[in-house]
Amino acid sequence: MSNPLSQLRAECRRLLEEALKGLYPDIELPEDRLSRPPTIEMGELSSSLCLQLGPRIGLNPIDLAKRVAKEINAASKRLVASAEEKNGYINFQADIRNFSKLVLEAATGDEEYGFLKTDSPERVMVEHTSANPIRPLHIGTARNSVLGDALARIQRKRGHSVEVHFYVDDMGRQVATATYGWRLLGKPEPSGRADEWFGEIYAIVNVLKEVKRLKRELEEAKERGDDERVWRINRELDKYASAANELRERSPLFDELNERMKSEPDPEVGIMKLNTEYERGVPEAKRDVRRLVEYCVRGFEEVLGELDIRFDFWDYEGDLVWSGAVEEAIEALRRTPYTSYEDGALILDCEAVARALGLKERWGINPSYEIPRLVLMRADGTTLYTPRDIAYSIQKFNRVDRVINVIGCDQSLAQLQLRIALAAMGRLELADRQIHYAYEFVRLPEVKMSGRLGRYVTLRELLERAVSLAYEEVSKRSPNLTEDEMRNIARRVGHGAVKYTLLSLDPMKVVVFDWNKALNFEMNSAPFIQYSHARACNILKRAPSRPEPDYSLLKDARERELVLLIAQFPEVFLEACESLRPSEISSYANILADRFNAFYAALPVIKAEPPGLAGARLMLVDSVRIVLRNALSVLGIEAPERM
RNA sequence: GGGCCCGUAGCCGAGCUUGGAUAAGGCACCGGCCUCCGGAGCCGGAGAACAUGGGUUCGAGUCCCAUCGGGCCCGCCA
């Protein structure tokens, strides 16, 4: 397992130290992360050490740098060829032969090049997606899935033992609403995609129910002559009426549900009753709700499976309640000094916990911020979402050492309260080892996406469009492929494009969804990187032989740039892993593909003369191939050899 | 009202964790490139008071404070 750039770094560092200590024996050397100079012509690595040290020892930084460079050039070196002062920096030029040999042999000698293994493997859990079952997966939840999947893959490649969990939210009113509607219809088998079919039922019932409620409130407001309220309710009503129209047009279930709900006295009450029965474990409620949820969950499994995103466990919230785990957690909290009863409900004073245990300081929370209290149990004894999640967290740590929860940033407070509850129970160490990996939402250009109103671009729709677009391209560009091959490549390219688009953005930035951007197959996209990979494969396939490489001939700036980039990959992987940022890898892969294309256009490989140069360039191409493939694979994106 | 996050060319966006040289790319726009390994490509051009105002520093897109604009949260919802 090699990290060639770290070897170059170590040598530069040693040369710097020796030179400085030789000149100024008493000098103290600060940390200096050698960085890359602006252009490769200036060298492979550079140090700004003299800029820092110069003023400290009363010397012009440029003079100091010049002296140090001179010392370094006189010393004996292996990977470094020379050092040069420029603007107070010391720029190191790598020894082309030794460094290229080291890098290219490391990359081509290891199919797993770049995936540096940890010395201390841990058990890591990634919980991701965990979308509400009655809402089909859409482009917003896809961001969660793709990020979670990439994080899990990265941790796994790092050598941790990773398990991926989906938390199935079967307890909510939303699921009860869908089940209520399904029962009204006489519980027919779903037609078509189960998750989308139930999603429609949910949206329809919800919208009809809200319309009914608003109409009633409107009458009351009119009677009271509350004009402002009448106006507000009318506005709300408009919103639901237009959503109802959209649903009526889209779904054949609308009219039937509308008809049946008319004879229902109060759907709200029916839904609440079902919800309570489910929590208590009443057999009929359990049977119907579970069946519906399992249909939906299988739908999720299928779409995500298409994207090669898989889960090791599907954890049902209901099971936590029925097993007594939730009750146990609440009971443990009740025995702490931080809870009290208010109107019969059990309350956790989060602010008191934070103060008593110094949590604000520990977790960098603004000291003047007063953390809102958390209701642990309703007056009627039924449970709530966050307390159930507390019980879930405790269970998680029975299995693993570290937890990454990929959950929308709207859950930040709930996730904080959860960790505070863990701390209150004396499990501070668990709270510290649980990360809320937050991400922002994907918005549609005009309206906000809303499952409640049935407004979303489903993930399936997105994937289908991406794949069909990719198919068009493939059939145009590679008409000699068989139908099967074209379909297969279109799938990998289309899915790659969607994943890359979601991964390459900063998770904390709000995304406005745009078909053109999501289906961009040009620069800075998965297809662009995949295409570069296919080109590399093609050269290797066409090369009649592999001449003995003469690495000293890789003198062109484009070649040096590629060698350096390849050397960098292990560090990029490590950084992406430690900082939990898959976009490090996607942007790196894009740059590597970009530079490879420049190299490809300018310099011949197979026909390069002399043969030693052809051999060295073939090693370079093979290294690029391996690194591009590995970078994509750790993001969950495939790299076809042809496209 | 309080808290968290975001604000970089017409548009999209990297860089901010760990301050350092000329602020990367892409789209759109303009001009070139298939006698040579795949044009989903390459080369060149034009386009930026890094939201605003202070501060720290030899040095700030990056750190600190304030202001403005946008998103999210502050439920006995999930």
Side-chain angles (χ1 to χ4, degrees), chain A residues 31 33 35 37-39 42 46-48 51-52 54-56 61 86-89 91 132 169 171-175 317 342-347 365-366 368-373 375-386 388-389 408-414 416 438 440-441 443 448 470 473-474 476-478 493 497 504-506 508-512 514 516-517 520-532 534-543 575 578-579 581 583-584 587 590-591 593-594 597-608 617-618 621 642-643:
Chain A
E31 273 299 310
R33 283 181 51 108
S35 61
T39 67
M42 296 166 83
S46 96
S47 166
S48 60
L51 287 170
Q52 284 179 66
R56 213 174 291 177
K86 179 113 193 250
N87 299 341
Y89 288 85
N91 294 333
N132 199 309
D169 176 14
M171 299 281 312
R173 226 169 273 176
Q174 303 198 347
V175 167
E317 212 178 350
E342 251 176 62
D343 302 325
L346 185 64
I347 311 284
I365 297 165
N366 191 333
S368 65
Y369 173 55
E370 190 166 336
I371 302 164
R373 57 179 214 168
V375 178
L376 293 173
M377 195 165 46
R378 290 197 186 93
D380 68 5
T382 55
T383 59
L384 288 152
Y385 177 81
T386 303
R388 293 195 289 262
D389 210 3
C409 66
D410 57 340
Q411 299 291 311
S412 296
L413 176 58
L416 173 64
E440 268 287 359
F441 295 100
R443 323 181 71 81
K448 196 182 161 184
E473 291 289 318
V474 177
K476 205 162 58 195
R477 292 162 198 283
S478 310
V493 171
S504 59
L505 294 158
D506 181 336
M508 282 315 288
K509 281 186 180 169
V510 177
V511 174
V512 177
D514 175 350
N516 293 330
K517 238 189 303 169
N520 163 36
F521 287 4
E522 294 174 358
M523 181 67 180
N524 201 6
S525 73
F528 172 79
I529 299 165
Q530 289 170 319
Y531 178 67
S532 313
R535 280 179 141 182
C537 291
N538 198 43
I539 293 176
L540 295 165
K541 202 170 64 192
R542 285 175 185 271
E575 181 63 24
E578 310 279 271
S579 63
R581 280 192 314 203
S583 66
E584 294 274 331
S587 67
N590 185 54
I591 291 169
D594 177 44
N597 281 321
F599 160 84
Y600 179 97
L603 306 169
V605 176
I606 296 169
K607 292 181 181 160
R617 284 187 179 157
L618 279 165
V621 172
R642 287 189 296 180
M643 60 189 278

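Chain letters run A, B, ... following the sequence lines, proteins first and then strands; every chain starts at 1. What you see is a predicted model; the values in this text were computed from it and never measured.
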> A/K476: what forms a salt bridge (Lys or Arg N to Asp or Glu O under 4.0 Å) with it, not counting sequence neighbours?
Replying inline: A/E473
>> Using the salt bridge (Lys or Arg N to Asp or Glu O under 4.0 Å) criterion, which residues pair with A/R642? Sequence neighbours excluded.
In response: A/E485
>> Using a 4.0 Å heavy-atom cut-off, does A/M377 contact any base of the nucleic acid, only the sugar-phosphate backbone, or nothing at all?
In response: nothing
> Should A/R378 be listed as having a side-chain N or O under 4.0 Å from OP1 or OP2 of B/rG75?
Replying inline: no
> Base, backbone or nothing for each nucleotide of nucleotides 3-13 of chain B, written B, S, -, heavy atoms under 4.0 angstrom, 5' to 3'?
Replying inline: SSSSS----SS
> Closest to the A/P37 side chain: B/rG38, B/rC42, B/rA21?
Replying inline: B/rA21
Between the protein and nucleotides 27-33 of chain B, list every N/O to N/O distance that falls short of 3.5 Å.
{"unit_1": "B/rC27", "atom_1": "OP1", "unit_2": "A/E522", "atom_2": "OE1", "d": "3.3"}

> NA contact type, A/Q411, heavy-atom cut-off 4.0 Å: base, sugar-phosphate, or nothing?
Replying inline: base
> Contact class for A/A345 vs. all strands (heavy atom < 4.0 Å): base, sugar-phosphate, or nothing?
Replying inline: base
> Can you check the A/F528 CZ to B/rA24 C1' distance for me, whole Å?
Replying inline: 13 Å
> How many angstroms lie between CE in A/M42 and NZ in A/K86, if you round to the nearest 0.5 Å?
Replying inline: 4.0 Å
>> Closest approach to the side chain of A/L413, judged atom by atom: which nucleotide of B/rC37, B/rC42, B/rC73 is it?
In response: B/rC73
>> Under the rule for side-chain contact (heavy atoms from CB on, under 4.5 Å), what residues qualify as partners of A/L346, not counting sequence neighbours?
In response: A/I330, A/R334, A/T339, A/Y341, A/L376, A/M377
> Of the nucleotides B/rC76, B/rG41, B/rA78, which one has an atom closest to the side chain of A/R535?
Replying inline: B/rG41
>> Give me syn or anti for B/rC34, where syn covers glycosidic angles within 90 degrees of 0.
In response: syn
> NA contact type, A/P372, heavy-atom cut-off 4.0 Å: base, sugar-phosphate, or nothing?
Replying inline: sugar-phosphate
> Taking CZ from A/F599 and P from B/rC43, how many angstroms apart are they, rounded to a whole number?
Replying inline: 13 Å
> To the nearest angstrom, how far is A/N597 atom CG from B/rG26 atom P?
Replying inline: 12 Å
> Quick one: which of B/rG38, B/rA78, B/rC42 gets closest to the side chain of A/R542?
Replying inline: B/rG38
> Using the C1' atom in both, what is the distance from B/rC77 to B/rG15, to the nearest Å?
Replying inline: 40 Å
>> Under 4.0 Å, counting only non-hydrogen atoms across every strand here, what does A/V605 touch: a base, just sugar-phosphate, or nothing?
In response: base
> Would you say the side chain of A/S46 and the base of B/rA21 hold a donor-acceptor pair, judged only by whether the two atoms sit under 3.5 Å apart?
Replying inline: yes
> Quick one: salt bridge (Lys or Arg N to Asp or Glu O under 4.0 Å) partners of A/E575, sequence neighbours excluded?
Replying inline: A/R581
> Contact class for A/D594 (heavy atom, under 4.0 Å): base, sugar-phosphate, or nothing?
Replying inline: sugar-phosphate
> Between B/rC43 atom P and A/L603 atom CG, what is the distance in whole Å?
Replying inline: 11 Å
> Roughly how far apart, to the nearest Å, are B/rA51 and B/rG71 at atom C1'?
Replying inline: 16 Å
> Any donor-acceptor pair under 3.5 Å between the side chain of A/N590 and the base of B/rA24?
Replying inline: no
>> Using a heavy-atom cut-off of 4.0 Å across all strands, would you classify A/N91 as base, sugar-phosphate, or nothing?
In response: base
> Of all the choices, B/rC76, B/rG38, B/rC37, which nucleotide is nearest to the side chain of A/I606 once you look at every atom?
Replying inline: B/rC37
>> Check the phosphate of B/rG38 against A/Y531, side-chain N and O only, distance under 4.0 Å to OP1 or OP2. Yes or no?
In response: no
> NA contact type, A/M171, heavy-atom cut-off 4.0 Å: base, sugar-phosphate, or nothing?
Replying inline: nothing
> Can you tell me how far C1' in B/rA66 sits from the matching atom in B/rC73, rounded to whole Å?
Replying inline: 23 Å
>> Between P on B/rG70 and CZ on A/F441, what's the gap in Å once rounded to a whole number?
In response: 19 Å
> Contact class for A/Q530 vs. all strands (heavy atom < 4.0 Å): base, sugar-phosphate, or nothing?
Replying inline: nothing
> Between B/rG75 and A/R373, is there an OP1 or OP2 to side-chain N/O distance shorter than 4.0 Å?
Replying inline: no
>> Any side-chain N or O of A/R173 below 4.0 angstrom from OP1/OP2 of B/rA78?
In response: no
> Between B/rU18, B/rC42, B/rG38, which nucleotide has the shortest distance from any of its atoms to the side chain of A/M643?
Replying inline: B/rG38
> Using Watson-Crick and G-U wobble pairs whose two distances are both under 3.5 Å, how do you write the pairing of RNA chain B as dot-bracket, with | for links to another strand?
Replying inline: (((((((..(((.......[....))).(((((.......))))).....(((((..]....))))))))))))....
> Looking at residues at least two apart in the chain, or sitting in another chain, which of them share a side-chain hydrogen bond (donor to acceptor under 3.5 Å, both in side chains) with A/D380?
Replying inline: A/T382
>> Which residues pass the side-chain hydrogen bond (donor to acceptor under 3.5 Å, both in side chains) test with A/S525, not counting sequence neighbours?
In response: none
> How long is the line joining NZ of A/K541 and C1' of B/rC37, in whole Å?
Replying inline: 11 Å
>> Protein within reach of the bases, or only the backbone? For nucleotides 55-62 of chain B, mark each nucleotide 5' to 3' as B, S or -, using heavy atoms under 4.0 Å.
In response: --------
> Is the phosphate of B/rC37, meaning OP1 or OP2, less than 4.0 Å from a side-chain N or O of A/R617?
Replying inline: no
>> Measure CG/A/N538 against C1'/B/rG41 and give the value in whole Å, please.
In response: 14 Å
>> Can you list everything that forms a side-chain hydrogen bond (donor to acceptor under 3.5 Å, both in side chains) with A/S368? Sequence neighbours excluded, please.
In response: A/N366
>> Restricting to salt bridge (Lys or Arg N to Asp or Glu O under 4.0 Å), what partner residues turn up for A/E522, sequence neighbours left out?
In response: none
> Where the side chain of A/E584 is defined as all heavy atoms beyond and including C-beta, which of B/rG15, B/rA78, B/rC43 is the nearest nucleotide?
Replying inline: B/rG15
> Looking across every strand, which nucleic acid part, if any, lies under 4.0 Å from A/E578 by heavy atom: base, sugar-phosphate, or nothing?
Replying inline: nothing
>> Output the rounded distance in Å from OH (A/Y385) to C1' (B/rC73).
In response: 14 Å
>> Closest approach to the side chain of A/V375, judged atom by atom: which nucleotide of B/rA21, B/rC76, B/rA78 is it?
In response: B/rC76
> Using atom C1' of each nucleotide, how far apart are B/rA48 and B/rC58 to the nearest Å?
Replying inline: 26 Å
> Roughly how far apart, to the nearest Å, are B/rG53 and B/rC12 at atom P?
Replying inline: 22 Å
> If we take the C1' atom in both B/rU17 and B/rC43, what is their distance in whole Å?
Replying inline: 37 Å
> Quick check: does any side chain N or O of A/R388 sit under 3.5 Å from a backbone N or O of A/T383, one acting as donor and the other as acceptor?
Replying inline: yes
> Only one of A/I539, A/I606, A/L603 clears side chain to side chain contact (heavy atoms under 4.5 Å, CB included) with A/R617; which?
Replying inline: A/L603
